[in-house]
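Presented below is the structure to which this report refers.
Every chain is numbered from 1, with letters handed out A, B, ... down the list of sequences.
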Number of protein chains: 2
Amino acid sequence: MQGVTYSISQLAQEFDVTTRTIRFYEDQGLLEPQRDGQRRIYTRRDRVRLMLILRGKRIGLSLLEIRELFDLYDAASNDEPQLREFIRILSRKEQQLQEQLDDIRVVMGEISQIRSQCEKALGKQAASTP
Amino acid sequence: MQGVTYSISQLAQEFDVTTRTIRFYEDQGLLEPQRDGQRRIYTRRDRVRLMLILRGKRIGLSLLEIRELFDLYDAASNDEPQLREFIRILSRKEQQLQEQLDDIRVVMGEISQIRSQCEKALGKQAASTP
DNA sequence: ATTGACGTTGACGTAAACGTCAAGTTATTG
DNA sequence: CAATAACTTGACGTTTACGTCAACGTCAAT
């Protein structure tokens with residue numbers, strides 16, 4: 001009835017975070033594993049959540065923002081205004097990401113230029129970016 | 001002989017940061033304005049540096065990393081190994097940015113999908129992302 | 001029964017990037 | 001000359017995202 005489960009250190013190893021980190025995410029309301037006595041037991045759902053948390057972090061979301069998205073997503077199935085709010089937040093974040101992406105493009109262009117100049121200053125080397 | 005200069009609050013206003021922030025950057029060795037008595041005087045070069053700091057921050061560099069780049073760039077004109085090191089760091093950062101950019105693309109794709117689903121769940125609305 | 005691996009809670013520490021006073025200096029302007 | 005504005009240093013506070021350590025529980029293997 002319960003399918004695959006994981007221990008805290010299994011997840012920690014798989015995703016290359018410490019157990020402290022995983023417990024901290026639970027403190028922040030991002031994970032709610034079941035218990036076997038004292039010990040935490042993580043289901044596939046918890047594992048997916050952890051993946052989402054880490055991906056969220058990689059794109060610059062704070063843990064609080066991630067939590068808000070989780071809460072909204074959990075509540076969204078029932079309530080129409082919730083769904084609308086969810087869409088609104090996603091749109092906003094999509095726009096922020098787009099701006100960030102533009103920033104990155106600009107800087108990468110500049111880096112290429114500077115590098116070309118450096119390599120020219122050193123003479124000899126090819127100029128085009130690998 | 002000195003061209004245009006700026007006060008701390010002029011720069012703060014122009015770039016929408018606090019004076020505290022600008023002084024903090026100086027503490028961290030990122031800016032070295034001249035003084036008129038006690039007061040800081042910022043040249044065009046300082047202004048450019050501040051721009052670079054803020055842009056660096058936008059793409060996710062720490063102040064420490066920004067400082068290292070400044071130091072390298074300042075020293076690079078003379079020394080060939082320094083130039084090579086500079087190129088190495090820039091390449092590494094370029095790669096990091098590329099990965100971050102890929103992450104962002106993935107998440108934006110997922111956001112589009114989730115949003116479509118939400119809108120489908122609400123019925124009626126158009127499905128394609130603006 | 002003890003050792004070792006793994007897990008638990010709780011409290012305190014830390015680094016980055018500033019914010020927030022406090023208390024004083026300098027310049028200018030009415 | 002006194003008030004006001006703009007600036008200074010210095011010290012302490014704050015938030016986020018964990019790290020570190022202590023002290024203890026639990027279970028399997030020796």
Point-to-point distance, once rounded to the nearest 0.5 Å, from CG of Asp46(A) to CZ of Arg40(A): 11.5 Å
Short side-chain N/O contact to dC6(C) OP1/OP2 from Ser7(A), under 4.0 Å: no
Pair of N/O donor and acceptor under 3.5 Å linking dT26(C) base with Arg39(B) side chain: yes
Arg23(B) side-chain N/O to dT8(D) phosphate OP1/OP2 under 4.0 Å: yes
Side chains of Arg49(A) and Arg45(A) in contact at under 4.5 Å (non-hydrogen atoms): yes
Whole-Å gap separating P (dG7(C)) and CD (Glu26(A)): 14 Å
For atom CZ of Phe24(A) and atom P of dG19(D), their distance in whole Å: 10 Å
Any Arg35(A) side-chain N or O less than 4.0 Å from OP1/OP2 of dT9(C): yes
Residue of the set Arg67(B), Arg35(B), Arg20(B) for which salt bridge (Lys or Arg N to Asp or Glu O under 4.0 Å) holds with Glu26(B): Arg35(B)
Interatomic distance, Ile8(B) CD1 vs dC18(C) P [rounded to whole Å]: 14 Å
Verdict with supporting geometry, Arg47(A) and Tyr42(A), side chain to side chain contact (heavy atoms under 4.5 Å, CB included): CA-CA 7 Å; Arg47(A) 186 172 164 280; Tyr42(A) 297 87; over 6 Å; no
Short side-chain N/O contact to dC18(D) OP1/OP2 from Tyr25(A), under 4.0 Å: yes
Interatomic distance where CD1 belongs to Ile22(A) and P belongs to dC6(C) [whole Å]: 15 Å
Side-chain N or O of Thr19(B) closer than 4.0 Å to phosphate OP1/OP2 of dC7(D): no
side-chain N/O Thr21(A) vs dA17(D) OP1/OP2, d < 4.0 Å: no
Gln34(B) CD - dT8(D) P separation (whole Å): 14 Å
Base dG19(C) paired with Arg20(B) side chain (donor-acceptor, <3.5 Å): yes
Nearest-neighbour nucleotide for the Leu63(B) side chain, dA17(C), dT8(C), dC18(D) considered: dA17(C)
5' priority, DNA chain C, between Leu64(B) and Asp36(B) [closest heavy atom]: Leu64(B)
Whole-Å gap separating C1' (dA16(C)) and CD (Gln28(B)): 9 Å
Interatomic distance, Leu30(B) CG vs dA16(C) C1' [rounded to whole Å]: 13 Å
Gap separating the CZ atom of Phe70(B) from the CG atom of Leu63(B), nearest 0.5 angstrom: 10.0 Å
Rounded distance (Å) that lies between atom P of dC18(C) and atom CG of Asp16(B): 12 Å
